[in-house]
Number of protein chains: 2
Amino acid sequence: MKTNKFIAVYHEWADMINTGEIAPLSKLPSENELAQKHETSRETIRKALQMLAENGYIQKIRGKGSVVLDVSKLSFPVSGLVSFQELAKSMGKETRTIVHEIQVVKPDERLQQSLHAKCSDEVWKVLRVREIEGEKVILDKDFFMRSFVPSLTKEICEGSIYEYLENDLGLPISFAKKEIVVEEATEEDKSVLDLDGFTHIVVVKNTVYLEDASLFQYTESRHRLDKFRFVDFARRRS
Amino acid sequence: MKTNKFIAVYHEWADMINTGEIAPLSKLPSENELAQKHETSRETIRKALQMLAENGYIQKIRGKGSVVLDVSKLSFPVSGLVSFQELAKSMGKETRTIVHEIQVVKPDERLQQSLHAKCSDEVWKVLRVREIEGEKVILDKDFFMRSFVPSLTKEICEGSIYEYLENDLGLPISFAKKEIVVEEATEEDKSVLDLDGFTHIVVVKNTVYLEDASLFQYTESRHRLDKFRFVDFARRRS
DNA sequence: CCTGTAAACTTGTATATACATGTTTCTCCT
DNA sequence: AGGAGAAACATGTATATACAAGTTTACAGG
């Protein structure tokens, strides 16, 4: 066994809920039953169930059991750390990525702040336009610390940079701070996107960290107003 | 003891991180040290630390310890399930709530879908305008199932409805599905808000559930583009 | 002095037990 | 028949132990 038990149990049930094999509002077996079924202890089951609850798959109700939530509305979110590529794949839409610029630059003042970088550091700058069904509606500006990413090619950027970083470079992407605001469209936005008369742009700013809490990427995703959607599941934190 | 140990430990350290008493990038004591210090077991400490990690306070690094993250940028989010009132209090801004409408209505078709209600059900409709520093910039439309909320007054709506629901009615608000999109401003938006030339509106749609997974509220929060900001902390879910 | 390895830390996983507390069911007494 | 209460079952909390696996430190040998 190389994979952990509680993660295996988590995926098993998460998949069943995702595919609809288990209907929303139906109940999961009790923790003791699950422990027997998976030949493990109740505590291990509880860890798996807690993960399912955190990610919006189930609701645990004391004394009663675990109820399956309706996850279908959540299924194509810009939520969490999902990348454009992973997202486009899951929906059926025809998409295309146009790489405008790949360059190693010295960070300007604003970028130094976002990336906690010094002016002597080197930073990859990648500019990509996302086309959905023939319309250029998203402009992605990515900045990586070069110390983490030695080389970068057009082919990689046309695919999924995240896949390259995680699978090929083995970078353990762990968490991000996300900010969503609306800004006036810049000249750059107007020149590379099909803005279609829209004067403003939804800007999703992401600051991405690795498992050891080191900051390594800053991303700005600039969406045409009508092509933006953010779906999330949130638990109340007292 | 009425409060749980691991929640007490969680709050103790969360407060210290929030106030800056513990600086970002500094390290927490080891789990064993914490267990001794709080006179509890390591497993209890681990539960508290896991909550801190989930909510963006710390990053746990295997073999090394727990690093405190910079939570200052996260401190005034529209994140999670925080209400307008709780938010306004934490920032210093001068705010006012204007109650436009409190009414019991029969749900129309669209609302029936959002609230999973039948046309025979009764629903509270509350319309409020939020004024920030003299400008009317947010329109909140709330719909509650009347079966959960027997009575509702103007005074309650001018304060925090959430406080009333949780403290007075004892409703255990647990989780929500959130959707953020941009729409064209409606005639209603134009008439009650100071739109200042903006033609579009950021709409935050919230579907709110109680601890027993019963759906009880649908909320639309309509923000003027320049007064909208969403900040979030997200962990990568493999 | 440098290097390699072992020891002493750290967090992660798995399991067991005991008891607390909320929910449902059934049974027995009125 | 109806209601009270006990029993059975659900999840929640707290604790203990053992071992796995990553990181740092210290020490011994070259």
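Quick note on labels: first sequence line is chain A, next is B, and so on, each numbered from 1.
In this structure, A/Phe6 atom CZ and C/dA14 atom C1' are separated by 10 Å, rounded to whole Å. The nearest whole Å value for the distance from the CG atom in B/Asn32 to the P atom in D/dA18 is 14 Å. Across the protein-nucleic acid pair, B/Gln59 atom CD and C/dT10 atom P stand 19 Å apart, rounded to whole Å. Put simply, CG on A/Leu28 is 13 Å from C1' on D/dA10, counting in whole angstrom units. Counting to the nearest Å, the P atom of D/dT11 and the CD atom of A/Glu33 are 9 Å from each other. Between the C1' atom of D/dT15 and the CD atom of B/Glu31 lies a distance of 15 Å, rounded to the nearest Å. For B/Glu211 and C/dT23, the CD to C1' distance is 14 Å, given to the nearest whole Å.
For DNA chain C, the neighbouring residues in residues 36-48 of chain B, judged by any heavy atom under 4.0 Å, are B/Arg42, B/Glu43, B/Arg46.
Screening residues 50-61 of chain A for salt bridge (charged side-chain N to carboxylate O under 4.0 Å, His left out) gives A/Glu31-A/Lys60 as the qualifying pairs, with residues at least two apart or on separate chains. Note on residues 116-128 of chain B: pairs passing salt bridge (charged side-chain N to carboxylate O under 4.0 Å, His left out), not counting sequence neighbours, are B/Glu101-B/Lys125, B/Glu122-B/Arg146, B/Arg128-B/Asp142.
Taking A/Asn18 as the reference, A/Tyr57 meet the side chain to side chain donor-acceptor pair (under 3.5 Å) condition, with sequence neighbours excluded. With sequence neighbours excluded, no residue satisfies side chain to side chain donor-acceptor pair (under 3.5 Å) with B/Gln113. In this view, B/Lys47 satisfies the salt bridge (Lys or Arg N to Asp or Glu O under 4.0 Å) rule with no residue, not counting sequence neighbours.
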Show which side-chain atoms of residues 21-28 of chain B pair as donor or acceptor with protein atoms under 3.5 Å away, not counting sequence neighbours.
| from | atom 1 | to | atom 2 | distance (Å) |
| --- | --- | --- | --- | --- |
| B/Ser26 | OG | B/Ala23 | O | 2.5 |
| B/Lys27 | NZ | B/Lys64 | O | 3.4 |

Less than 3.5 Å apart, which donor and acceptor atoms pair up between the side chains of residues 207-214 of chain A and the rest of the protein, not counting sequence neighbours?
| from | atom 1 | to | atom 2 | distance (Å) |
| --- | --- | --- | --- | --- |
| A/Asp212 | OD1 | A/Ser214 | N | 3.1 |
| A/Asp212 | OD1 | A/Ser214 | OG | 2.7 |

Please lay out, stage by stage, how A/Glu158 and A/Lys154 fare under the test salt bridge (charged side-chain N to carboxylate O under 4.0 Å, His left out).
-> CA-CA 6 Å; A/Glu158 276 168 349; A/Lys154 189 155 176 271; 3.4 Å; yes
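Among D/dA10, D/dT11, C/dT13, the nucleotide with an atom closest to any side-chain atom of A/Asn4 is C/dT13. Comparing atom distances between the A/Lys5 side chain and each of C/dT10, D/dA14, C/dT15 picks out C/dT15 as nearest.
For A/Phe230 and B/Phe230, the ring centers are positioned less than 6.0 Å apart.
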Sort me out a list of protein N/O and nucleotides 20-23 of chain D N/O pairs below 3.5 Å, or just none if empty.
| from | atom 1 | to | atom 2 | distance (Å) |
| --- | --- | --- | --- | --- |
| D/dA21 | O4' | B/Arg62 | NH2 | 3.0 |
| D/dG22 | N2 | B/Gly63 | O | 3.4 |
| D/dT23 | O4' | B/Gly63 | O | 3.4 |

